[in-house]
Protein chains: 2
Amino acid sequence: MHALTEGLEDYLEAILVCESEHRFVRTKHIAEKMNVSSPSAHAAVKELAKMGLVEHESYGYIELTSEGRNQAEKVYSKHKVLFRFFRDFLGLPDDTSEANACGIEHHFDDLTTKRFRRVFEFLLSKIAEDKDFEEELKKALKND
Amino acid sequence: MHALTEGLEDYLEAILVCESEHRFVRTKHIAEKMNVSSPSAHAAVKELAKMGLVEHESYGYIELTSEGRNQAEKVYSKHKVLFRFFRDFLGLPDDTSEANACGIEHHFDDLTTKRFRRVFEFLLSKIAEDKDFEEELKKALKND
DNA sequence: ACCTATAATTAGTGAAGGCTAACTTTATTA
DNA sequence: TAATAAAGTTAGCCTTCACTAATTATAGGT
């Protein structure tokens, strides 16, 4: 059985996000989201369909299977926690945080993600409840 | 001029590490380190040579140029801080930490790296000087 | 109903980066 | 020193994933 490549994982995630933005997902939306041509998006969808992760009637809408949705949500949840880490904790701009999360999400296995999430949440609660901690952290991030 | 791809960045880094392990770097060492065939390693070295990042006499040794060494060290320093974060802070096994660092290092730009490094160092010092903090952190990481 | 614009698809191409098999060079050792 | 082993290299092929150009299908307006 073919494994999901990093690229196809990105497409799967894009489809999930498109769903929430358009209700009906089409080749065009995916191409826009991924910044690729429509033939490239089309080929990716075809590949995902072959793996049973999406359904795609010719010239019609694209839908995630439940299997595909599971995988997409798994990737996307990594994306979100990483994005928040870069933006809220390292104080990076939105676009940088987005790019970082996008590049990195594929490299976090389950254990790494679980640990990372816990540490991140711990640190956020620490910031919320301990003003000194927050101050020290801010100081550490000064002087770019 | 061609930019350094993610793959070539890996090779460059591997050459730097091989240097410290073998004194004389050969195609074979790189192939072993990268887990690729020797023709693949050879092709990568050839490409790096074309970019002026290594020197390679046929059937001889492989050496980094000063330009190549700069770039390799830049990547490797990201690798090291990431590795330590995963191992010492998230408590992940060495091989997982290594794999994570390897996959992620390419996606950290200068600002991200600087911020990340500072936060990591701040947290380490926090652990060192504040036993309560260390305990709470450990607790947060329990129950895999 | 038909014409046109938009979208989707197919066909064909190229770069990156991997592989094996075959061949050449260098090194070792009998 | 000649034979063989080991390493390096070359040639040729495959996959992934992008692209453009050309074709086909659908949908809207008249």
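Per chain, numbering begins at 1; letters A, B, ... match sequence-line order. All values derive from a computational prediction rather than experimental measurement.
- When each of A:Pro39 and B:Lys28 is assigned the nucleotide of DNA chain D with its nearest heavy atom, B:Lys28 is the one assigned upstream, toward the 5' end.
- The salt bridge (Lys or Arg N to Asp or Glu O under 4.0 Å) test with B:Glu19 is passed by exactly one of B:Arg26, B:Lys33, B:Arg69: B:Arg69.
- B:Ser38 comes within 4.0 angstrom of a nucleotide base, judged by non-hydrogen atoms across all strands.
- Looking at heavy-atom distances under 4.0 Å, B:Ser37 makes contact with a base.
- For DNA chain C, the outermost nucleotides in 5' to 3' order that have an atom under 4.0 Å from a heavy atom of chain B are C:dG17 to C:dT26.
- A:Tyr11 contributes atom OH, which lies 8.5 Å from atom CD1 of A:Ile30 (distance to the nearest 0.5 angstrom).
- Projected onto DNA chain C by closest heavy-atom contact, B:Met34 and A:Arg26 fall at different nucleotides, the more 5' of which corresponds to A:Arg26.
- Heavy atoms of B:His56 sit under 4.0 angstrom from primed sugar atoms or phosphate atoms, though from no base atom.
- Aromatic ring orientation, B:His107 versus A:His107: tilted (interplanar angle from 30° to 60°).
- Here B:Lys50 pairs with B:Glu47 in a salt bridge; the nearest charged N to carboxylate O distance falls below 4.0 Å.
- Between A:Val25 and A:Val54 there is no side-chain heavy-atom pair separated by less than 4.5 Å.
- For DNA chain D, the outermost nucleotides in 5' to 3' order that have an atom under 4.0 Å from a heavy atom of chain A are D:dC17 to D:dT26.
- Looking only at atom types and distance, the side chain of A:Glu9 has a donor-acceptor partner in the side chain of A:His106 under 3.5 Å away.
- Residue contacts for B:Tyr61: at a heavy-atom cut-off of 4.0 Å it reaches no nucleic acid atom on any strand shown.
- Two rings, from B:Phe133 and A:Phe122, have their centers less than 6.0 Å apart.
- In summary, B:Lys131 and B:Glu134 engage in a salt bridge, as defined by a charged side-chain N under 4.0 Å from a carboxylate O.
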